[in-house]
Student: 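Quick one: structure below, then a few questions.
Computed from a prediction, not measured in an experiment: that's the story for all the values here.
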Amino acid sequence: MDKFFAVAVAEARKGMATGGIPIGSVLVIDGQIVGRGHNQRVQRGSVVLHAEMDCLENAGRIKAADYRRATLYSTLSPCDMCSGAVLLYGIPRVVIGENRTFCGPEDYMRSQGVEVVVVDSEECRQLMERFIEENPELWNEDIGE
């Protein structure tokens with residue numbers, strides 16, 4: 001397993017351990033982690049703190065030129081909001097743990113020049129499947145259903 005992807009999975013587990021949705025994210029620039037986060041909608045009562053948004057927030061202000069050298073790792077396919085942030089900041093590469101339990105606008109990101117890599121991680125899929133089975137109402141809230 002890629003070491004950066006492993007950190008994203010650890011973030012997902014951290015989110016689950018604190019009562020939240022098990023999705024984690026890491027932002028890497030030039031081989032260094034500059035931000036990490038996990039879905040904190042439950043823990044912080046937030047409407048926007050998906051894992052990717054928490055990760056970007058924790059990375060702080062970054063120059064546009066730096067974003068253009070970044071890779072965003074996420075254990076789950078990014079939703080419209082998080083994919084929009086990828087496009088807004090010009091992040092050229094997104095590595096996704098799995099997209100079977102939820103698939104965001106991956107084709108649209110690709111059409112905008114983003115390299116989208118789907119790892120299809122069994123571990124990520126099992127985390128999400130278990131969470132969705134045990135918390136269907138919370139999951140539907142998170143994805144806007």
Side-chain angles (χ1 to χ4, degrees), residues 1-128 130-132 135 138-145:
M1 178 185 298
D2 176 294
K3 66 181 179 180
F4 302 123
F5 182 69
V7 174
V9 172
E11 283 290 328
R13 291 192 176 283
K14 182 177 178 182
M16 184 170 65
T18 57
I21 299 166
I23 305 168
S25 185
V26 174
L27 184 67
V28 176
I29 299 175
D30 298 333
Q32 298 292 317
I33 294 174
V34 297
R36 63 181 72 200
H38 53 275
N39 186 302
Q40 295 209 52
R41 292 188 66 250
V42 173
Q43 300 92 319
R44 293 173 88 187
S46 171
V47 299
V48 296
L49 282 181
H50 285 191
E52 301 87 347
M53 301 304 279
D54 186 47
C55 173
L56 292 171
E57 178 72 14
N58 291 332
R61 293 175 63 190
I62 296 175
K63 295 178 183 175
D66 293 332
Y67 278 119
R68 289 192 290 270
R69 298 191 319 275
T71 298
L72 182 69
Y73 291 78
S74 181
T75 59
L76 184 66
S77 183
C79 71
D80 290 332
M81 174 179 65
C82 297
S83 296
V86 167
L87 298 175
L88 176 67
Y89 293 114
I91 298 170
R93 185 169 187 257
V94 177
V95 177
I96 297 168
E98 69 101 356
N99 63 0
R100 293 184 193 197
T101 58
F102 176 83
C103 189
E106 295 173 14
D107 288 338
Y108 183 69
M109 284 195 293
R110 286 184 185 99
S111 78
Q112 299 302 301
V114 177
E115 178 188 358
V116 177
V117 178
V118 180
V119 176
D120 198 22
S121 162
E122 180 80 13
E123 181 178 14
C124 291
R125 187 175 51 77
Q126 287 177 352
L127 272 173
M128 288 309 302
R130 187 172 108 210
F131 177 82
I132 292 166
N135 304 278
L138 183 56
W139 172 242
N140 287 335
E141 175 191 325
D142 195 63
I143 60 171
E145 288 191 12

Student: Using side-chain heavy atoms (C-beta onward) and a distance below 4.5 Å, is Met128 in contact with Pro22?
Tutor: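 Of all side-chain heavy-atom pairs linking Pro22 with Met128, at least one is under 4.5 Å.
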Student: Between Arg13 and Glu123, is any pair of side-chain heavy atoms under 4.5 Å apart?
Tutor: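 Answer yes - side chains close enough.
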Student: Report yes or no: does Asp54 contribute a side-chain atom to a donor-acceptor pair with the main-chain N or O of Leu49 at less than 3.5 Å?
Tutor: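 Side chain of Asp54 to backbone of Leu49: no pair is present.
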Student: Tell me, please, which residues at least two apart from Tyr67 pass ring pair (Phe, Tyr, Trp, His ring centres under 6.0 Å).
Tutor: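 Partners of Tyr67 under the ring pair (Phe, Tyr, Trp, His ring centres under 6.0 Å) test: Tyr89.
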Student: Going by heavy atoms in the side chains, are Val118 and Glu98 under 4.5 Å from each other?
Tutor: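 The answer is no, as the side chains (C-beta and beyond) never meet within the 4.5 Å cut-off.
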Student: Check the side chains of Glu52 and Ser74 for a donor-acceptor pair under 3.5 angstrom, ignoring hydrogens and angles.
Tutor: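 The answer is yes; a qualifying pair exists.
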Student: Does the Asp2 side chain pair with the main chain of Phe5, one donor and one acceptor, at a distance under 3.5 Å?
Tutor: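 Judged by distance alone, yes, a pair lies under 3.5 Å.
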Student: Flag the pair Ile91 / Val114 as yes when at least one side-chain heavy-atom distance between them is below 4.5 Å, and no otherwise.
Tutor: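 No, every pair of side-chain atoms sits at 4.5 Å or beyond.
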Student: Less than 4.5 Å apart, any side-chain heavy atom of Ile62 and any of Ile29?
Tutor: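 Touching, per the 4.5 Å side-chain cut-off.
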Student: Determine, stepwise, if the pair His50 / Ile23 fulfils side chain to side chain contact (heavy atoms under 4.5 Å, CB included).
Tutor: CA-CA 8 Å; His50 285 191; Ile23 305 168; over 6 Å; no
Student: Would the number of heavy atoms belonging to other residues, nucleotides or ligands and lying under 6.0 Å from CD of Glu57 be above 12?
Tutor: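 It does not: Glu57 CD has 12 such atoms or fewer within range.
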Student: Near Arg100 CZ, under 6.0 Å, is it more than 12 heavy atoms from other residues, nucleotides or ligands?
Tutor: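 No, not enclosed.
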Student: Considering only heavy atoms from C-beta outward, does the side chain of Val86 approach that of Gln112 to under 4.5 Å?
Tutor: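 Heavy-atom side-chain distance check fails, nothing below 4.5 Å.
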Student: Would a distance-only check, ignoring hydrogens and angles, find a side-chain to backbone donor-acceptor pair under 3.5 Å from Thr75 to Val9?
Tutor: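 Flag not set: sc Thr75 to bb Val9 has no pair under 3.5 Å.
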Student: Okay, side chain of Thr101, backbone of Arg125: is any donor-acceptor separation there less than 3.5 Å?
Tutor: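 Absent.
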Student: Any sub-3.5 Å donor-acceptor pair from Ser111's side-chain atoms to Tyr108's backbone N or O?
Tutor: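 Looks like yes, one N/O pair under 3.5 Å.
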Student: Flag the pair Val34 / Asp66 as yes when at least one side-chain heavy-atom distance between them is below 4.5 Å, and no otherwise.
Tutor: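 No, too far: nothing below the 4.5 Å cut-off.
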Student: Can you say whether the rings of Trp139 and Phe131 are parallel (under 30°), tilted (30 to 60°) or perpendicular (over 60°)?
Tutor: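 Answer is perpendicular, since the angle exceeds 60°.
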Student: Does Ser25 use its side chain to pair, donor to acceptor, with the backbone of Tyr73 at less than 3.5 Å?
Tutor: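 A pair under 3.5 Å: yes.
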Student: Evaluate the side-chain proximity of Arg93 to Val117: yes if any heavy-atom separation is below 4.5 Å, no if none is.
Tutor: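 Yes. Closest side-chain heavy atoms under 4.5 Å.
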